[in-house]
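Each remark here refers to the structure printed beneath this line.
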Amino acid sequence: MDSPTQNTSLQRLQNVEKRIIKVLELAGGVMDELANPAGPRKESINQHCREFMQSIKDIQVTLRDEIKSACEYRPFEKCDYNSRIGNEICLEKLKYVLSQLDGMKETTDAFNGEA
């Protein structure tokens, strides 16, 4: 299952995709205006260009934030695997030491029993 962070990230990227489509439509509007047989309307071209540039800036900011967020994403950051495996290793070492101590005790008991 996706985490809420991944869902919101995907939603933001989908919004960027929609804004890119809007930017392309704006560029097409400018091209249509330039191809107008009566001549281009300056105020219309200026408005489309301002909106185009603002949209491009917004897209860049969002993509920069998403790239930064993706670089910071560490899915195993809160994982306790390293701690658990460290504990398991220590437990096995302790079992081994105890078995060695038991062997030493048996040896000393056998030696003391003979003497």
Side-chain angles (χ1 to χ4, degrees):
M1 176 128 191
D2 291 340
S3 74
T5 304
Q6 289 172 325
N7 285 335
T8 57
S9 179
L10 289 175
Q11 290 168 350
R12 285 190 297 266
L13 290 174
Q14 286 175 337
N15 289 337
V16 166
E17 183 180 6
K18 290 174 186 174
R19 283 190 273 166
I20 290 171
I21 292 168
K22 174 72 173 159
V23 164
L24 293 173
E25 289 171 351
L26 286 169
V30 169
M31 296 303 291
D32 287 343
E33 192 62 39
L34 290 173
N36 188 352
R41 295 175 299 178
K42 185 176 179 179
E43 67 279 351
S44 177
I45 290 177
N46 285 341
Q47 177 60 33
H48 282 317
C49 287
R50 275 192 297 276
E51 196 174 339
F52 177 88
M53 291 308 293
Q54 186 58 49
S55 293
I56 291 294
K57 287 178 187 177
D58 293 344
I59 289 168
Q60 285 177 328
V61 168
T62 304
L63 288 177
R64 231 180 263 126
D65 290 344
E66 288 306 310
I67 290 169
K68 182 180 175 186
S69 174
C71 291
E72 292 172 353
Y73 178 64
R74 292 176 180 87
F76 301 110
E77 188 173 79
K78 295 181 182 172
C79 179
D80 65 344
Y81 174 77
N82 289 333
S83 302
R84 285 189 4 233
I85 198 69
N87 287 341
E88 290 291 323
I89 290 170
C90 286
L91 178 65
E92 292 303 316
K93 286 179 180 180
L94 284 172
K95 286 180 182 177
Y96 177 75
V97 168
L98 286 174
S99 70
Q100 294 297 312
L101 288 173
D102 286 343
M104 290 171 59
K105 184 176 186 301
E106 289 173 8
T107 302
T108 57
D109 286 347
F111 181 74
N112 288 337
E114 291 177 4

Same apolar cluster: Leu24 and Met31, side chain cutoff 4.5 Å:
no

Can you tell if the side chain of Arg12 reaches within under 4.5 Å of the side chain of Ser9, non-hydrogen atoms only?
yes

Between the CG atom in Asn46 and the CZ atom in Arg41, the distance rounded to the nearest 0.5 Å is 12.0 Å

Using every non-hydrogen atom in the two residues, find where Glu51 and Lys22 come nearest and quote the distance to one decimal.
OE2-CE, 3.4 Å

Set of residues satisfying salt bridge (charged side-chain N to carboxylate O under 4.0 Å, His left out) with respect to Glu88, sequence neighbours excluded
none

For Glu66 against Leu13, the heavy-atom pair lying closest together
CG-CD2, 3.9 Å

Restricting to side-chain hydrogen bond (donor to acceptor under 3.5 Å, both in side chains), what partner residues turn up for Asp102, sequence neighbours left out?
none

Grouping I, L, V, M, F, W and Y whenever their side-chain heavy atoms are under 4.5 Å apart, do Met53 and Leu63 come out in a common cluster?
yes

Between Glu33 and Ser44, the two heavy atoms sitting closest are OE1-OG, 3.7 Å

Considering all heavy atoms of both residues, which atom of Val30 and which atom of Cys49 are nearest to each other, and what is their separation?
CG2-SG, 4.4 Å

Drop me the distance from Gln100's CD to Leu98's CG, to the nearest 0.5 angstrom.
10.0 Å

Group every Ile, Leu, Val, Met, Phe, Trp and Tyr by side-chain heavy-atom contacts under 4.5 Å, then state whether Val16 and Val23 land in the same group.
yes

Any side-chain heavy-atom pair of Lys105 and Asp109 under 4.5 Å:
yes

Could you tell me if the side chain of Asn87 sits less than 4.5 Å from the side chain of Leu91, heavy atoms only?
no

Can you see which heavy atom on Gly29 is nearest to which on His48, and at what distance?
C-CD2, 4.1 Å

Starting from Ile20, can I reach Leu10 by hopping between I/L/V/M/F/W/Y residues whose side chains sit under 4.5 Å apart?
no

With no hydrogens and no angle check, is any side-chain donor or acceptor of Ser69 less than 3.5 Å from a backbone partner on Asp65?
no

Determine whether the side chains of Gln54 and Asp58 contain a donor N or O and an acceptor N or O closer than 3.5 Å.
yes

